[in-house]
S.K.: 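Take a look at this one; I'll ask things after.
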Amino acid sequence: MSLPTTYSSYSPTPILEGAIASGWNPVCHITYNRDAWVKLLQPPSEYGFDEAKLLCQESPDTWVAWVPDHGEVVLNRSQFYC
């Protein structure tokens, strides 16, 4: 017995290919708020959670956050996502 399968592959549109070739650099414009839970790209310790609660913004690029089973940390925006 064989099952029919379909394969799809991602192919960027010509407009997107042109934008990338011209040096377009995508930037994330997500606005984070206090008390938001975010996913960490890498937990701060072996036993720390992979999520953090944002406590307050320290600078335009950093947030003070609380990680369960770890404590308070300062996160750069490149270290988490929602």
Side-chain angles (χ1 to χ4, degrees):
M1 178 176 164
S2 66
L3 298 173
T5 59
T6 58
Y7 297 98
S8 62
S9 63
Y10 173 74
S11 177
T13 63
I15 294 172
L16 182 58
E17 287 178 334
I20 293 171
S22 68
W24 174 64
N25 186 15
V27 176
C28 178
H29 293 285
I30 295 173
T31 302
Y32 294 100
N33 297 314
R34 180 178 173 261
D35 293 331
W37 284 90
V38 294
K39 299 285 275 180
L40 301 176
L41 294 175
Q42 184 173 3
S45 69
E46 184 177 343
Y47 302 106
F49 276 54
D50 63 348
E51 292 183 338
K53 184 176 183 177
L54 300 178
L55 300 177
C56 64
Q57 191 167 10
E58 183 182 70
S59 74
D61 294 330
T62 59
W63 279 84
V64 177
W66 176 74
V67 179
D69 290 343
H70 182 76
E72 196 171 292
V73 294
V74 176
L75 298 172
N76 187 291
R77 288 184 65 144
S78 64
Q79 296 175 306
F80 63 87
Y81 62 98
C82 57

S.K.: Report the C-alpha separation of Gln79 and Leu40 in whole Å, then their side-chain angles, then the decisive distance to 0.1 Å, and conclude whether the side chain to side chain contact (heavy atoms under 4.5 Å, CB included) test is met.
M.R.: CA-CA 6 Å; Gln79 296 175 306; Leu40 301 176; 5.6 Å; no
S.K.: First locate atom CG of Asp50, then atom CG of Leu41, and finally report the distance between them rounded to the nearest 0.5 Å.
M.R.: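 Separation between the atoms: 10.5 Å.
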S.K.: Minimum heavy-atom separation for Pro43 to Phe49, with atom names?
M.R.: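 In this case the closest contact between Pro43 and Phe49 is CB-O, 3.7 Å.
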S.K.: According to salt bridge (Lys or Arg N to Asp or Glu O under 4.0 Å), who are the partners of Glu58, at least two apart in sequence or on a separate chain?
M.R.: none
S.K.: Heavy atoms only: give me the nearest Arg77-Tyr32 pair and the separation to one decimal.
M.R.: NH2-CE1, 3.7 Å
S.K.: Would you say Ile30 and Trp63 are hydrophobically clustered, going by side-chain heavy atoms of ILVMFWY under 4.5 Å?
M.R.: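 Ile30 and Trp63: one cluster.
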S.K.: Checking Ser59 now: which residues fulfil side-chain hydrogen bond (donor to acceptor under 3.5 Å, both in side chains) with it, not counting sequence neighbours?
M.R.: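 side-chain hydrogen bond (donor to acceptor under 3.5 Å, both in side chains) check on Ser59 returns Thr62.
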S.K.: Give the intermediate values and the outcome of side chain to side chain contact (heavy atoms under 4.5 Å, CB included) for residues Phe80 and Leu54.
M.R.: CA-CA 10 Å; Phe80 63 87; Leu54 300 178; 4.3 Å; yes
S.K.: For residues 64-76, which side-chain donor-acceptor pairs fall under 3.5 Å, sequence neighbours excluded?
M.R.:
residue, atom, partner, partner atom, Å
Asn76, OD1, Ser78, N, 2.9
Asn76, OD1, Ser78, OG, 3.1

